Amino acid sequence: MATIKIKDLSFKPFINEDELQPLIKKVANQINKEYAGKSPLFLFVKLASYEGTESKGTVNELIGLNESLEGRDVIIVEDIVDTGNTLEKLYQIILDKNPKSLKIATLLYKPEAYKKDFNIDFVAKEIPNNFVVGYGLDYDGFGRNLSSIYVLNQ
Ligand code: IMP
């Protein structure tokens, strides 16, 4: 696989699809085991930030949440956890909706960048603190459709 260019940046192959599949399967098996007999609710949500109208600072709102979370075993599914800022906000919003339990699953996790204390429960792969694209991850709206993951050439 060759180096690719996305907008102004160059990326090189990092993790291919064949490597990702067994890692994802491993996490799925872990979840199946831990939640046997339960019906967890998987949330693939987005956090939108906007400025409040009365200068109360940034307001965060969940996009794509239609179900009630009351009393449910909720698992947040993330593409990547970097600093953990996004996840911390999500966590608070979701806990306010009274789930029975709340855990986090992520495809990728950058331990060197992570600044929070709460536990990331299910991780398919830890990666160094470099910018990656592909397999759903984008650079400024591009590269999301790549079937494997590429890392920034520096
Ligand atoms: P955090 O709040 O710093 O943990 O960042 C989380 C969000 O930033 C992710 O859900 C991604 O949308 C984006 N992000 C962080 N690192 C990367 C990366 O290496 N490639 C693409 N997007 C990233």
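What you see is a predicted model, and the numbers here were worked out from it, not measured in a lab. Both ligands and their constituent atoms are indexed starting at 1 by order of listing.
- Under a 4.0 Å criterion applied to the non-hydrogen atoms of Thr83, ligand 1 contributes the atoms 1 (P), 2 (O), 3 (O), 4 (O).
- The NZ atom of Lys97 sits 14.5 Å away from atom CZ of Arg72, with the distance rounded to the nearest 0.5 Å.
- The protein heavy-atom contact nearest to atom 10 (O) of ligand 1 is Asp79 OD1, 3.1 Å.
- Considering backbone and side-chain N/O atoms, Gly84 comes within less than 3.5 Å of an N/O atom of ligand 1.
- Protein heavy atom nearest atom 9 (C) of ligand 1, with residue, atom name and distance: Ile80 CG2, 3.5 Å.
- Under 4.0 Å is where a charged nitrogen must lie from a carboxylate oxygen, and between Lys103 and Glu34 at least one such pair does.
- Counting heavy atoms closer than 4.0 Å to ligand 1, residue Asp138 contributes backbone atoms (N, CA, C, O) but none from C-beta onward.
- Atom CG of Asp8 has more than 12 heavy atoms from other residues, nucleotides or ligands within 6.0 Å.
- With ligand atoms numbered from 1 in the order given, ligand 1 contributes 17 (C), 18 (C), 19 (O), 20 (N), 21 (C), 22 (N) to contacts under 4.0 Å with heavy atoms of Phe131.
- For ligand 1 and Glu78, the ligand atoms under 4.0 Å from any heavy atom of the residue are 10 (O).
- Side-chain contact annotation: Asn85 with Lys116, donor-acceptor N/O pair under 3.5 Å present.
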Candidate pair Leu43 and Val77, rule side-chain contact (heavy atoms from CB on, under 4.5 Å), full reasoning | CA-CA 6 Å; Leu43 281 189; Val77 181; over 6 Å; no
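- Residue Thr86 has at least one heavy-atom neighbour below 4.0 Å for each of these atoms of ligand 1: 1 (P), 2 (O), 5 (O), 6 (C).
- A side-chain donor from one of Asn153 and Ser10 sits under 3.5 Å from a side-chain acceptor of the other.
- Once rounded to the nearest 0.5 Å, the distance linking CD1 of Ile120 with CG of Leu87 reads 5.0 Å.
- Here atom 21 (C) of ligand 1 lies nearest to Val132 when heavy atoms of Val132, Asp82, Leu152 are compared.
- When each atom of ligand 1 is checked for a heavy atom of Lys110 under 4.0 Å away, the hits are 16 (N), 17 (C), 18 (C), 19 (O).
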